Amino acid sequence: MSRRSVRGVAVASATAVTAVGAVVGIAGGGPAAASNDNVEATAADLTLLADIPVGQQAQVQTASLAQQADAQFAQASASAKKSAEEAARRQAAQDAKSKKHAADKAAKDRDLETQAASRSTSRDTLQTQSSYSLAEVKAIARQIVPAGQFQCFSNIVDNESSWNYRADNGSGAYGLVQAMPGSKMSSAGADWQTNPATQVKWGLNYMNQRYGSPCGAWSFWQSHHSY
């Protein structure tokens with residue numbers, strides 16, 4: 001290989017030039033670092049490359065390419081590691097959020113169960129008496145009907161019986177919720193004619209089964225003036 005062709009190879013590869021500069025420095029007995037002060041110094045170094053055996057020139061270029069590959073691999077590895085760490089951080093944050101949501105839901109469910117159990121106990125311990133005032137009837141209903149549905153239940157009872165648990169319309173409808181016929185309420189208790197609690201239980205069950213809730217029943221009532 002002539003000096004001219006060797007110089008062409010060196011100029012074609014910026015990486016090879018850097019590596020060759022180091023080799024030239026060693027071959028000439030000077031410092032390993034190549035001088036970049038001016039173009040003439042660079043040209044001089046490249047000219048000396050012709051004095052290096054062809055086999056060694058190939059080794060220098062191969063070593064330079066290997067160094068580039070190693071550097072690229074290290075950069076890629078660092079980037080992959082950073083991405084993996086970021087993904088793990090995001091997953092950990094998501095897991096923590098999911099666990100908190102599940103814990104909050106479990107706590108809310110426990111509270112609802114406690115409230116339901118409390119209402120059930122109140123219903124079971126209601127004492128019957130010979131007569132009830134309007135305030136007493138409403139207080140009994142509040143212990144049985146869920147708080148969020150009570151106003152809708154009350155609206156229906158206001159319109160059907162004005163909270164008179166002995167209301168009879170003369171056509172067979174009877175009680176707070178004006179069951180038609182009134183004897184239907186016997187499914188909730190044999191004392192359906194005299195016990196407001198029995199009437200409220202039957203009415204609430206009827207509204208839930210037919211309309212989904214007292215509020216569903218009230219929505220229907222407003223459109224039809226009956227339910």
Side-chain angles (χ1 to χ4, degrees), residues 88-227:
R89 185 191 67 77
R90 288 197 299 267
Q91 186 60 49
Q94 183 62 38
D95 291 344
K97 183 178 180 180
S98 298
K99 289 180 180 178
K100 184 179 184 302
H101 177 73
D104 291 344
K105 185 177 183 301
K108 183 177 180 180
D109 289 343
R110 286 194 299 270
D111 288 342
L112 291 175
E113 289 176 0
T114 299
Q115 293 174 14
S118 177
R119 284 197 301 270
S120 178
T121 300
S122 296
R123 294 172 192 170
D124 294 339
T125 56
L126 287 173
Q127 307 230 343
T128 60
Q129 56 193 59
S130 59
S131 63
Y132 301 84
S133 67
L134 177 62
E136 288 174 331
V137 173
K138 287 188 175 182
I140 290 171
R142 285 186 181 278
Q143 294 181 59
I144 298 173
V145 180
Q149 296 291 321
F150 180 79
Q151 188 57 56
C152 293
F153 184 90
S154 178
N155 291 341
I156 292 175
V157 176
D158 278 338
N159 284 278
E160 291 291 331
S161 66
S162 299
W163 287 95
N164 179 3
Y165 67 99
R166 294 182 183 274
D168 187 339
N169 75 346
S171 298
Y174 188 88
L176 294 171
V177 294
Q178 288 292 281
M180 178 70 175
S183 57
K184 283 183 177 180
M185 294 186 289
S186 62
S187 62
D191 57 353
W192 59 271
Q193 291 177 299
T194 57
N195 191 344
T198 299
Q199 296 181 13
V200 171
K201 290 176 184 178
W202 184 89
L204 177 61
N205 184 62
Y206 172 79
M207 294 175 195
N208 285 337
Q209 288 188 346
R210 184 157 185 176
Y211 301 101
S213 68
C215 285
W218 173 236
S219 179
F220 183 89
W221 195 99
Q222 291 178 87
S223 299
H224 300 81
H225 299 288
S226 66
Y227 73 115

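Residue numbers count from 1 along this sequence. Keep in mind that this is a model prediction, so the values were computed, not measured.
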Testing the basics here: between [X] and [Y], what is the closest heavy-atom pair and its distance to 0.1 Å?
| X | Y | result |
| --- | --- | --- |
| G216 | Y211 | C-CB, 3.7 Å |
| P214 | N208 | CD-OD1, 3.5 Å |
| N195 | A197 | OD1-N, 3.0 Å |
| T198 | D191 | OG1-OD1, 2.7 Å |
| Q178 | A173 | OE1-CB, 3.4 Å |
| A179 | M185 | CB-CG, 3.7 Å |

**Q.** All salt bridge (Lys or Arg N to Asp or Glu O under 4.0 Å) counterparts of K105, not counting sequence neighbours
**A.** D109
Would the distance check show the side chain of [X] and the main-chain N or O of [Y] forming a donor-acceptor pair, the cut-off being under 3.5 Å?
| X | Y | result |
| --- | --- | --- |
| S186 | G189 | no |
| K138 | L134 | no |
| Q199 | Y165 | yes |

Euclidean distance, [Y] [atom2] relative to [X] [atom1], rounded to 0.5 Å:
| X | Y | atom1 | atom2 | answer |
| --- | --- | --- | --- | --- |
| W218 | S213 | CH2 | OG | 13.5 Å |
| S154 | R142 | OG | CZ | 7.0 Å |
| D168 | S161 | CG | OG | 11.5 Å |
| C215 | M207 | SG | CE | 10.0 Å |
| K201 | S187 | NZ | OG | 11.5 Å |

Q: Would you please indicate if the ring centroids of F220 and Y227 are separated by under 6.0 Å?
A: no
Q: Would you check if the distance from the ring center of Y174 to the ring center of W192 is below 6.0 Å?
A: yes
Q: Give the intermediate values and the outcome of side chain to side chain contact (heavy atoms under 4.5 Å, CB included) for residues I144 and F153.
A: CA-CA 11 Å; I144 298 173; F153 184 90; over 6 Å; no
Q.
Less than 4.5 Å apart, side chain to side chain, heavy atoms only: is that true for E160 and L176?
A. no
Q) Any side-chain heavy atom of V157 sitting closer than 4.5 Å to one from V177? A) yes
Q.
Please determine whether salt bridge (charged side-chain N to carboxylate O under 4.0 Å, His left out) holds for the pair D104 and K100, giving the CA-CA distance in whole Å, both sets of side-chain angles, and the decisive distance to 0.1 Å.
A. CA-CA 6 Å; D104 291 344; K100 184 179 184 302; 3.0 Å; yes
Q) Can you say whether the rings of H225 and W221 are parallel (under 30°), tilted (30 to 60°) or perpendicular (over 60°)? A) perpendicular
**Q.** Residues W163 and D158: side-chain donor-acceptor under 3.5 angstrom
**A.** yes
Q) Does a side chain donor of either Q151 or N155 reach within less than 3.5 Å of an acceptor in the other side chain? A) yes
